[in-house]
Each structure stands twice: as C-alpha cells, then as structure tokens.
Asks: 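First the structure, then my questions, so here it is.
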Amino acid sequence: MDQSSIAWADGALVTIDQRALPHEMRELRITTVDEVIEAIKTLAVRGAPAIGVCGAFGVVIAARAATVDGVVDTAQVEAEAARIADARPTAVNLAWGVQRTLARLPEGVQAVLDEALELLAEDGRVNLAAATAAADLIQRLCADRPLRLLTHCNTGRLATTAWGTAIGALRVLQQRGALAEVIVDETRPLLQGARLTAWEMAEAGIPHRLTIDSAAAWAMATEQVDAVVVGADRITADGAVANKIGTYMLAIAAKQHGIPFIVVAPESTRDISTAKGSDIVVEQRAASEVTGFGGVATAPEGTRTFNPAFDVTPAELVTAVVTEFGVLENPAEARTSASAATAPKSAAGAEIAEIARGLYASGWMPGTAGNISVRQGDTAVVTASGLSKGELTASDMVTVAVVDSKPIDAAGRKPSAETTIHTAVYRTRGADAVVHVHPPHATAVSIKTAESGITTARFAGYELIKGLGSALPDVIDIPVFPNHADVPQIGADIEKYLTEHPEAPPVLFIAGHGVTAWGASLAQARDRAECLEAMCELTMLTGHREIPVGDN
C-alpha cells in the first residue's frame with residue numbers, strides 16, 4: 001500500500017500541508033479543533049476522503065479536550081463536531097467521518113480514536129479496490145493500446161490517505177504498462193492540478209503533460225484523449241456528481257466527442273439521502289482566489305467574482321461511477337421518471353444490489369437467503385422476498401415503514417421475511433443500514449452456542465474485536481437469539497434485548513440462521529459482518545479458544 005499522507009502520532013493529527021506544495025514538503029501537526037477547521041477551510045488538507053478522515057480525528061481531538069478526570073463533556077464534543085462538519089459543506093465525506101466517530105463517543109474517548117484509526121486504515125483499502133475496478137473498466141471501454149487519459153483537480157494520495165481514487169486508477173494502469181500519457185488540467189483557481197497532481201505524477205513516474213483547463217475540450221477534439229477520469233466530493237441519489245469546478249464542462253466535452261467520462265470515488269461519497277444534484281449546497285470561496293494568485297493581483301481592485309468551489313455534473317453525462325464495490329454503469333438509469341421522491345429508493349436499491357451480488361459470490365447469501373436494507377427517515381428500502389441475491393437489480397426492492405414493518409411501495413413484491421429484524425434494529429439503534437447474511441463459520445458458532453433462550457457468545461483476545469465496537473478492547477459478548485419459525489417473534493426478541501442492553505455490540509447471531517450487523521452505512525454494516533465471520537473462523541479453525549456462553 002502507498003505511504004499514508006495522514007497519521008496520528010503522540011496525540012496529534014499529522015499530515016502534509018498541501019498549501020506549500022510543490023515547492024516544499026511541509027509537515028502539519030494539528031492538535032486543536034480550530035486548527036482542524038482552519039486546515040480544511042484553507043485547503044491545507046483537501047480531497048473528500050482525506051477531509052473525511054481528518055474530520056474523524058477532529059472529533060478525537062475534541063473528545064480529548066472535553067475530558068476532565070475521565071468524564072467527557074458530551075455536549076461540548078457534539079458542538080465541536082458540528083463546527084468541523086460545517087467547515088466544507090459540499091463534500092459529504094466530512095460529515096460522514098465526523099458522524100461515524102461521534103457515534104462511538106458513548107463508549108469513551110478510546111473508542112472514538114479506534115474508529116478514526118479504522119477509517120484511516122479502511123481508506124487505503126477502499127481506494128485500491130476502487131482504483132483497480134476503474135482501471136479494469138477503462139481497459140474494457142477503450143482501445144487495446146497504451147491509453148491517453150485526462151484528469152482534473154487532484155485525486156491521489158494527497159486527496160485521500162493512500163493510493164488515491166482517479167489517480168489511483170492511473171497508477172494501476174501505469175503498473176500494468178497500459179498507460180501512454182496523462183493530460184493534467186491545471187484546475188483553476190487554486191491550481192491543484194498544476195501544484196499537486198503534476199507533483200504526484202512525477203512522484204509515481206507517470207508520463208504527463210499539464211494543460212490549462214480551457215484547452216481540455218480541444219485535446220479531446222484533436223483525439224489526444226481516450227477517457228476522462230475524475231473523482232467526486234458527493235454523488236446524489238439521482239446519480240449527479242459534485243466535484244471540483246470545471247468537471248461539468250469536461251463531461252459536456254466528453255459527451256460531445258464520444259469519450260468515456262468515469263468517476264472514481266469511495267462508497268462513502270455516495271449520498272442517497274440527497275435526492276438530486278440541485279439540492280447540493282455549493283461552497284462559494286473568497287474573491288481573492290480569482291483576482292490574484294500567490295499574493296500578486298491579476299485583476300483591477302474591487303472586481304467582483306463568481307468563485308464556486310464545485311460544480312454538479314448530471315448523471316446522463318457520466319459513463320460510470322466506480323467505488324470499492326465495483327462499477328455502477330449509466331448512473332442516470334438509477335433515477336425514476338415518476339418523481340424525485342422515488343430517486344433515493346432507486347439509488348439505495350442499486351447500492352443494495354451491488355453489495356448483495358458480492359456477498360452472494362462469497363457464498364454468504366446462497367440462493368434466496370439473506371437480506372439487506374437501507375434506512376431513509378421513517379422508511380427502509382429492503383430486498384424483496386424469494387429472489388436470488390446473485391441476480392438482484394435496483395428494482396428488486398420494497399419500501400417498508402420502520403414503525404410497523406408494513407410495505408409502503410411494494411409493486412407486487414413482498415419484503416424479505418426478516419424485515420422485522422431490520423426494523424427492530426432501526427427502532428432501537430441509530431443505524432442507517434442492516435445486513436443479514438449466512439457466513440459459514442459464524443453460522444456454525446451460532447449453532448454451537450444455541451440454547452432455548454437468549455444467550456451470549458464471548459470472544460476474548462482477538463484484535464478483530466476492535467472492529468465491532470466493544471466497550472472493552474479485547475472482550476466482546478455477542479447475543480445469540482433462538483431461531484423461531486415465527487420470524488416476527490425473532491424481531492420482537494431482538495427489539496426487547498437491544499432496548500434493555502444499550503451497550504450491546506452492532507452484531508448478533510440467530511441460532512443456525514446466520515448473523516445480523518448494522519452501521520452508519522452499508523459498507524460499515526458489511527464490514528462488521530465480515531469482521532465477525534473472520535473472528536468465528538479463527539475460533540473454529542484453531543480450536544484453542546473456547547467460547548463461554550452466558551445466560552441473560
């Protein structure tokens with residue numbers, strides 16, 4: 001994995017001060033919330049994934065500062081977290097990183113730090129997966145020859161924590177010997193392309209040429225570009241993409257010339273709670289960024305400016321969005337023509353279907369078994385009953401009411417039988433997504449620990465415990481529920497238990513019937529299920545650790 005551009009060391013957030021590049025590689029040590037906010041606002045730290053991780057560590061800094069004699073002032077931390085999230089409103093990753101770590105605050109400062117460290121490690125894995133999938137797609141769409149690609153702004157290790165998204169795809173193609181050249185837009189008005197991307201291209205040994213933004217369309221017209229590859233700061237439910245200003249005009253030019261326009265971003269950048277691109281708040285930046293550069297005035301004093309930091313590209317101009325879960329081609333098809341109100345369901349369905357197909361391929365959702373849901377306010381979008389999870393599409397979903405599990409928009413389909421389990425979790429936890437799967441080792445453990453009533457399976461000494469949000473770093477008690485033929489009874493048992501045990505981890509067993517996991521996103525819910533399965537596999541394979549069972 002590429003060297004990380006962000007680290008936590010001796011109680012400080014340590015990163016590269018991007019304002020000094022390319023002339024100086026300067027380390028930036030951040031120890032206060034004000035410094036976090038200043039770094040994000042002044043673009044010392046920039047790039048959606050990077051500011052998401054920095055926002056997460058900002059919550060750590062806030063929690064440490066608000067702790068006196070071991071007691072955390074929760075209200076103070078929440079207020080500071082809100083300030084951090086507001087530093088750059090367009091990039092959804094910032095609020096996502098803040099909320100993900102803030103959710104761990106009831107477990108203590110160490111839990112908040114553990115979550116931020118997990119986000120840091122996770123980002124590198126996510127970037128490489130998305131970059132590899134994007135490289136595969138580009139080679140499939142373009143002619144079989146060394147490729148000439150164009151990119152905008154900066155999406156490399158400086159904008160993430162390691163490897164990069166769109167630039168990550170360029171690096172994968174370079175390693176494969178499939179890249180001839182990259183045209184780098186200078187990216188006005190702050191020249192992230194000239195200052196940062198050109199620097200990263202040279203660092204990685206990738207052949208490149210720098211061009212002014214207004215020359216990009218002509219490069220396409222003169223057949224010097226095979227595909228455009230960019231990142232994203234937010235992708236809405238209708239497939240619209242918010243990215244650095246100048247992206248929209250590239251998409252229009254690419255469409256005119258029949259050139260693939262590919263967006264590479266982590267799943268956390270997809271914001272299905274925002275229905276359409278026009279709902280995005282686009283940040284307006286200071287006039288001085290346009291009227292001069294590097295302290296030198298380039299416009300008459302008093303000149304008024306229009307300086308949006310981002311623009312929004314509609315889905316019909318996007319060939320594909322690529323995340324760590326693979327390729328979502330023709331994002332415009334995820335929209336419904338009926339109304340914008342149905343767009344979030346379609347986007348959620350596409351996301352659910354992608355993850356379900358991956359879990360099916362791994363053998364965790366055999367046949368029609370297993371189900372996935374995403375919460376949308378007072379409703380949830382859940383997989384329909386009786387369908388193979390390996391063949392799910394965005395339309396194979398049912399909307400149900402969280403309050404009573406009843407279908408609202410079924411279109412003739414029934415929701416999965418375990419829907420009552422999902423809604424029980426939503427009613428008792430602040431989760432936004434639930435995954436119910438049948439991984440083999442976890443299922444075996446659930447059978448081993450099954451009794452007539454609700455029991456717990458204790459795991460101790462595994463590093464993986466940290467990924468499940470245990471109050472203790474090396475011990476976790478996971479509830480095991482009886483498998484009733486009457487599935488709503490399972491849901492009732494779960495709701496009662498979670499209400500009475502607010503400290504319970506975000507995973508549970510159902511005896512002989514797999515596991516359920518939840519989180520702030522589908523990615524987090526799936527990761528927690530994977531973490532539990534890995535721990536169960538270690539237990540089953542080594543045979544050295546007995547799983548104590550306790551009555552409740």
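All values reported here derive from a predicted model rather than from experimental measurement. Numbers here simply count residues along the sequence, with the first being 1.
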Asks: For Thr236 and Asp238: C-alpha separation, side-chain torsions, deciding distance, then whether side-chain hydrogen bond (donor to acceptor under 3.5 Å, both in side chains) applies.
Replies: CA-CA 5 Å; Thr236 57; Asp238 67 344; 2.5 Å; yes
Asks: Search all heavy atoms of Leu94 against all heavy atoms of Gly55 and return the closest pair with its distance.
Replies: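 Closest pair (atom of Leu94, atom of Gly55, distance): CD1-CA, 3.8 Å.
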Asks: Flag the pair Arg125 and Glu267 as a salt bridge only when some basic side-chain nitrogen lies within less than 4.0 angstrom of an acidic carboxylate oxygen.
Replies: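 Salt bridge between Arg125 and Glu267, a charged N being under 4.0 Å from a carboxylate O: no.
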Asks: Heavy atoms only: give me the nearest Pro22-Trp199 pair and the separation to one decimal.
Replies: CB-CD1, 4.0 Å
Asks: Do the side chain of Thr155 and the main chain of Gly164 share a donor and acceptor less than 3.5 angstrom apart?
Replies: no
Asks: I need the Gln224 CD to Ile183 CD1 distance, nearest 0.5 Å.
Replies: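 So the gap between those two atoms works out to 5.0 Å.
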Asks: May I ask you to check whether over 12 heavy atoms, not counting those of Glu223, lie within 6.0 Å of atom CD?
Replies: no
Asks: State plainly whether the residues Arg83 and Asp34 are in salt-bridge range, i.e. N to O under 4.0 Å.
Replies: yes
Asks: Is the side chain of His257 donor-acceptor paired with the backbone N or O of Trp218 at a distance under 3.5 Å, no angle test?
Replies: no
Asks: Could you tell me whether the side chain of Arg188 and the main chain of Ile212 form a donor-acceptor pair under 3.5 Å?
Replies: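 Checked: no pair found.
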Asks: Under 3.5 Å, is there a donor-acceptor pair linking the side chains of Arg270 and Thr323?
Replies: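 Note: Arg270 and Thr323 side chains miss the donor-acceptor criterion.
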Asks: To check you understand the geometry: which heavy-atom pair defines the closest contact between Ser5 and Thr160, and what is its length?
Replies: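 Smallest interatomic distance, heavy atoms only, reads OG-O, 3.5 Å.
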Asks: Please lay out, stage by stage, how Asn127 and Thr165 fare under the test side-chain hydrogen bond (donor to acceptor under 3.5 Å, both in side chains).
Replies: CA-CA 5 Å; Asn127 294 339; Thr165 53; 6.0 Å; no
